[in-house]
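Structure first, commentary second.
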Amino acid sequence: METKTLFDKIWDSHVVESISNGPDVLYIDRHYIHEVTSPQAFAGLEKRGVPLARPDRTLATADHNIPTLNQDKPIQEKLSRLQVKTLTDNCNKYGVTLYGLNNPFNGIVHVIGTELGFTRPGMTIVCGDSHTSTHGAFGAVAFGIGTSEVEMVFATQCVLQPKPKKMRITINGKLQPGVTSKDIILYIISRISAGGATGYFVEYAGEAIRSLSMEARMTICNMSIEMGARGGLIAPDEVTFSYLKDKEFSPKGKEWQESLDKWKQLHSDDGAVFDKELTFDASSINPMITYGTNPGMGIAVNGNIPALNEIKESERSSFLKALDYMNFKPGMSLEGFPIDYVFLGSCTNGRIEDIRAFASMVKGKKKAPSVTAWIVPGSHQVEKQAVAEGLDKILEAAGFELRQPGCSACLAMNEDKIPAGKYAVSTSNRNFEGRQGPGSRTLLASPLTAAAAAITGKITNPAEFIS
Amino acid sequence: MAIEKFNILTSACVPLPTENVDTDQIIPARFLKATTRDGFGENLFRDWRYNKDNTPKPGFVLNNPLYKGDILVAGKNFGSGSSREHAAWAIYDYGFKAVVSSFFADIFKANALNNGLLPVQISPGFLKQIFSAVEENPSTQLQINLEKQTITLLSTGKYEKFDINPYKKSCLLNGYDDIDYLLSRKEKIMAFEKQNGK
C-alpha cells in the first residue's frame with residue numbers, strides 16, 4: 001500500500017485539478033481575512049464583477065491596525081479608521097461574518113480562528129498573513145498568501161499552489177524546566193537559519209512535541225514561516241480533540257463523533273517518505289533569546305553571541321550589520337543586559353497559557369521601574385478567561401496591566417511602538433529592523449523569559465529565576 | 001484582468017548586496033494602511049532610504065545617482081517574513097521589473113509573479129560576479145530573456161539559466177492572470193464541492 005505523509009493526505013484530498021507542469025488548483029476550507037491584506041482583494045472582486053464564492057467559509061476580524069486602549073471610542077488615526085471601516089463595509093456587502101472591534105469574539109485572526117473551533121483537523125486554511133501556519137497545530141494544511149491570492153479565494157474558493165516538499169522535524173526526549181515551545185522553535189530556527197525550510201512544509205513530531213498543549217503547539221507552528229517554511233503541522237491527537245470539544249463552532253453531537261472518526265486517521269503513515277528529516281534532542285534546548293535582526297539569530301539566554309570566526313565568511317557582513325543595528329558586539333553575553341520594554345502578546349504568544357505563564361512568574365514580585373511592559377491578550381476570549389482566573393489581579397499587584405486585544409507591538413501598525421534605540425524583550429515572532437517601531441531593537445523570547453526580564457529589568461535566565 | 005507581459009529585459013541594475021532583506025525593510029508595516037494598490041514605491045525601503053526627517057540617506061543605493069535600472073540585484077533570502085503583497089507592489093511601483101537573488105522566500109516569489117515582477121534565482125557565484133561587475137562599472141547591463149530562461153551579464157557574455165514554473169512563465173509571457181484562469185475552472189470547482197460535500 002502507498003504510504004503517505006499527513007501533509008500529502010490533506011493536500012491531495014483538496015486538489016481539484018493539477019495543471020500539467022504547473023501548480024495545483026487547491027480547494028480551501030477556511031479563509032480568514034483581516035483589514036490590512038483584504039481591501040485590494042475586495043476591490044479586485046468588485047472590478048471583475050464576480051461574487052464572493054463562499055462567504056460561509058470566510059471569517060473576518062480587525063486586528064493588525066487597531067488600538068489596544070479605548071477600543072470603545074472611534075479609532076483616532078485616520079488611515080487605520082478608514083481601513084477598518086473598509087473591512088466592515090466589504091463584509092456587509094459580501095455577507096462575510098466579521099468579528100470587529102468590541103465584538104466578544106474579536107481578536108488576532110490566528111487566535112480567534114482556533115479558539116472558536118473554526119479551524120479543524122484535516123482542513124486547508126489560508127489567510128493573507130504569513131502566520132497562518134499557526135493553524136497547522138490542529139493537523140491542518142495552513143499557509144499565508146498574498147492579496148492576489150486572497151482575491152483568488154474570494155472568487156473561486158481555490159488557490160493555485162505548487163505542492164511544496166516535505167520535511168519532518170522530530171524533537172525527542174523531555175524539555176528541561178523553564179523551557180517552553182517558544183524556545184523549541186527559536187532553537188530550531190537558530191540551527192537551520194531563517195531560510196532553512198524554504199520550499200518545505202514541515203511536520204513536527206516526537207515525544208517533546210506530543211507533550212505540548214495546543215497553545216504551545218500553535219506557537220511552534222506559528223513560527224514555521226520564520227525559517228521560510230510554507231507551513232508547519234502536527235498530527236492531531238487526544239490533546240487536539242479535547243481542546244476542540246465544545247468550542248463555539250466545533251461540530252456537535254453526531255457530527256462530532258463522525259468528525260472524530262475522520263480526524264483519528266490524520267497521521268503520517270509508518271514508512272512515509274519525507275524529502276528531509278531533522279532530529280533534535282529536547283534536553284539540549286535551553287531558554288532562548290535572539291540577538292540579531294532575523295529570527296535565526298538566536299542563542300541560549302545564558303550563552304554568548306557568536307564570535308566573528310564562528311560565522312561563515314560569506315555571512316559576516318550581514319552578521320555585523322545586524323549587530324551594529326542592535327549595538328551588540330560579537331562574542332558578548334546578553335545575560336544581565338538592561339532592557340527597556342517587555343511585550344507579551346501576538347499570534348505567537350498571546351494565548352491564555354502565555355498569560356498564565358507570565359503571571360506565574362511575576363506573582364508576588366514587582367515590575368522593574370525601568371521597564372515599560374505591554375501585556376496584550378490575543379483576543380477578548382483570552383482576556384475574559386484571564387480575568388476569570390484572576391490573572392489580571394496578579395498582574396496588577398506586580399505592576400502590570402492588561403491592554404485590549406490586537407496585534408499591537410508585534411508589527412507596530414498602531415500606536416504601540418517601541419521607540420528608536422530601545423531594547424524590547426518580545427514574545428512576538430520577528431526581530432527585523434524597525435519591526436516594532438522605527439529604530440526599535442527586538443529580542444525574541446518566551447513568555448517566561450519576558451516575565452523574568454520585566455521583573456529584573458535585565459535579560460535573565462528564567463530557569464535560574466524559578467529556582 | 002491582465003498583468004503586463006514580460007519577455008526580454010535589458011537594463012542596468014541596482015545592487016543591494018544585503019542578505020535576508022525582509023518584507024518589513026521593503027515596505028514597513030506603518031505604510032500598509034492604504035486600501036488601494038497604488039503609490040507604495042514612494043515608501044520602498046523607507047527606513048534604509050530616508051532619515052527620520054525624510055531627508056534621503058546618501059549611503060543607500062536608491063539614493064545614489066550612479067545606480068539606475070529596472071533590475072534590483074539583492075543578497076540571498078530576499079523577501080523573507082510577512083506575506084504582504086505590498087512588498088511586490090512597492091518594488092514594481094518604484095519601477096523595477098525583475099529582482100535577481102541567489103535565494104527567494106516562497107511567499108514573496110509568488111506575490112512577485114502574480115504582479116508581473118520576475119524573480120530570477122541564480123547561483124551564489126554568478127550573483128557575486130554581478131555584484132563585482134556593477135561595483136566596477138555601475139552602468140553594467142544585464143539581459144533577462146524569459147522565453148529562453150537566461151540571464152546574461154552583457155559585459156562578459158557570461159549567462160545562467162534560471163528556473164520558472166512553466167505555467168507561471170506562460171502567464172508572464174502572455175500577460176495572463178491566475179484569477180481569470182481559476183474563474184474559467186469554476187464548473188470543475190463546483191463539481192468538486194458537490195462531490196466532496198464542501
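Proteins come first, then strands; the chains are lettered A, B, ... in the order of their sequence lines, and each starts at number 1.
The contact between B/Tyr181 and chain A is made entirely by side chain atoms (from C-beta outward), counting heavy-atom distances below 4.5 Å. Heavy atoms of B/Leu183 lying under 4.5 Å from chain A belong to its backbone as well as its side chain. Interface remark: A/Ser193 contributes no atoms to any contact with chain B (heavy atom separation under 4.5 Å). Residue A/Arg435 touches chain B through both its backbone and its side chain, counting heavy-atom pairs closer than 4.5 Å. Looking at B/Lys109, neither its backbone nor its side chain comes within 4.5 Å of chain A, counting heavy atoms on both sides. Neither the backbone nor the side chain of A/Glu35 comes within contact range of chain B; no heavy atom of the residue lies under 4.5 Å from a heavy atom of that chain. At a 4.5 Å heavy-atom cutoff, the contact between B/Phe192 and chain A is made by side-chain atoms alone. With a threshold of 4.5 angstrom between heavy atoms, B/Thr36 approaches chain A through N, CA, C or O but not through any side-chain atom. Looking at A/His64, there are no atoms closer than 4.5 Å to chain B (heavy atoms on both sides), in backbone or side chain. For A/Ile145, the part lying under 4.5 angstrom from a heavy atom of chain B is the backbone only. For B/Lys188, the parts sitting under 4.5 Å from any heavy atom of chain A are the backbone and the side chain alike. Heavy atoms closer than 4.5 Å to chain B are found in both the backbone and the side chain of A/Ser130. Looking at A/Ile225, only its side chain comes within 4.5 Å of chain B, counting heavy atoms on both sides. B/Pro166 touches chain A through backbone and side chain together, each having a heavy atom under 4.5 Å away. Of the two parts of B/Asp106, the backbone and the side chain both hold a non-hydrogen atom closer than 4.5 Å to a non-hydrogen atom of chain A. Neither the backbone nor the side chain of A/Val84 comes within contact range of chain B, judged by heavy atoms closer than 4.5 Å. In this structure, the portion of B/Glu193 lying under 4.5 Å from any heavy atom of chain A is its side chain and not its backbone. Residue contact with chain B, scored on non-hydrogen atoms closer than 4.5 Å, involves the side chain of A/Thr86 exclusively. If you measure heavy-atom distances from A/Asp29 to chain B, the contacts under 4.5 Å come from the side chain alone.
Here the closest heavy-atom approach between residue A/Thr198 and residue B/Ala105 is recorded as CG2-CA, 4.3 Å. Here the closest non-hydrogen pair linking B/Lys33 and A/Ser80 is NZ-OG, 2.9 Å. Closest of all the heavy-atom pairs between A/Ala155 and B/Lys186 is O-NZ, 2.8 Å. Nearest heavy atoms, B/Ile189 versus A/Thr156: CG2-O, 3.5 Å. Of all heavy-atom pairs between B/His86 and A/Val36, the closest is NE2-O, 3.7 Å.
Looking at heavy atoms from C-beta onward, A/Ser148 lies out of side-chain contact with B/Asp178 at the 4.5 angstrom threshold. You'll find the side chain of B/Asp177 reaches within 4.5 Å of the side chain of A/Arg48, heavy atoms only.
From A/Asn21, atom CG reaches atom OG of B/Ser170 across 10.5 Å, with rounding to the nearest 0.5 Å. Residue A/Phe42 holds its CZ atom at 12.5 Å from OG1 of B/Thr35, rounded to the nearest 0.5 Å. A distance of 8.5 Å separates CD in A/Glu433 from OG1 in B/Thr18, rounded to the nearest 0.5 Å. Between the CZ atom of B/Arg185 and the CD1 atom of A/Ile19 there is a distance of 8.0 Å, given to the nearest 0.5 Å. For the atom pair OG (A/Ser314) and NZ (B/Lys76), the distance works out to 5.5 Å, reported to the nearest 0.5 Å. With rounding to the nearest 0.5 Å, the separation of CG in A/Leu160 from CD1 in B/Ile179 is 9.5 Å.
Salt bridge annotation for B/Glu19-A/Lys312: absent, with no cationic side-chain nitrogen under 4.0 angstrom from a carboxylate oxygen.
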Side chain to side chain contact (heavy atoms under 4.5 Å, CB included) between A/Thr147 and B/Trp89: does it pass, once the steps are laid out? CA-CA 10 Å; A/Thr147 298; B/Trp89 298 338; 3.8 Å; yes

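The environment of B/Asp163 atom CG is sparse: at most 12 non-hydrogen atoms of other residues, nucleotides or ligands sit within 6.0 angstrom. The 12-atom threshold is not exceeded at CD of B/Glu135, counting heavy atoms of other residues, nucleotides or ligands nearer than 6.0 Å. Within 6.0 Å of CZ on B/Phe126 lie more than 12 heavy atoms contributed by other residues, nucleotides or ligands. For A/Glu258, the CD atom is densely surrounded, since the number of other residues' heavy atoms within 6.0 Å is greater than 12. Within a 6.0 Å radius of NZ in B/Lys57, more than 12 heavy atoms belonging to other residues, nucleotides or ligands are found. For A/Gln76, the CD atom is loosely surrounded, since the number of other residues' heavy atoms within 6.0 Å does not exceed 12. Within a 6.0 Å sphere centred on NZ of B/Lys158, heavy atoms belonging to other residues, nucleotides or ligands number more than 12. Heavy-atom contacts from other residues, nucleotides or ligands closer than 6.0 Å to NZ of A/Lys321 number more than 12.
Side chain of A/Glu149 to main chain of B/Asn114: no donor-acceptor pair is present (N/O by atom type, distance under 3.5 Å, no hydrogens or angles). Proximity of a side-chain donor or acceptor of A/Glu226 to a complementary backbone N or O of B/Gly81 within less than 3.5 Å is not detected. Of the possible polar contacts, one joining the A/Arg54 side chain to the B/Lys198 backbone as a donor-acceptor pair under 3.5 Å is found.
The most heavy-atom pairs under 4.5 Å with chain B, out of A/Ala420, A/Gly228, A/Gly199, come from A/Gly199. Contact count against chain A (heavy-atom pairs under 4.5 Å) is highest for B/Ser83 among B/Ala191, B/Ser83, B/Ser82, B/Pro17. Between chain B and the options A/Gly128, A/Ala43, A/Pro23, the largest number of non-hydrogen pairs under 4.5 Å is found for A/Pro23. Per-residue counts of heavy-atom pairs under 4.5 Å with chain B were compared for A/Thr37, A/Leu82, A/Val150, A/Asp129; the largest is that of A/Asp129.
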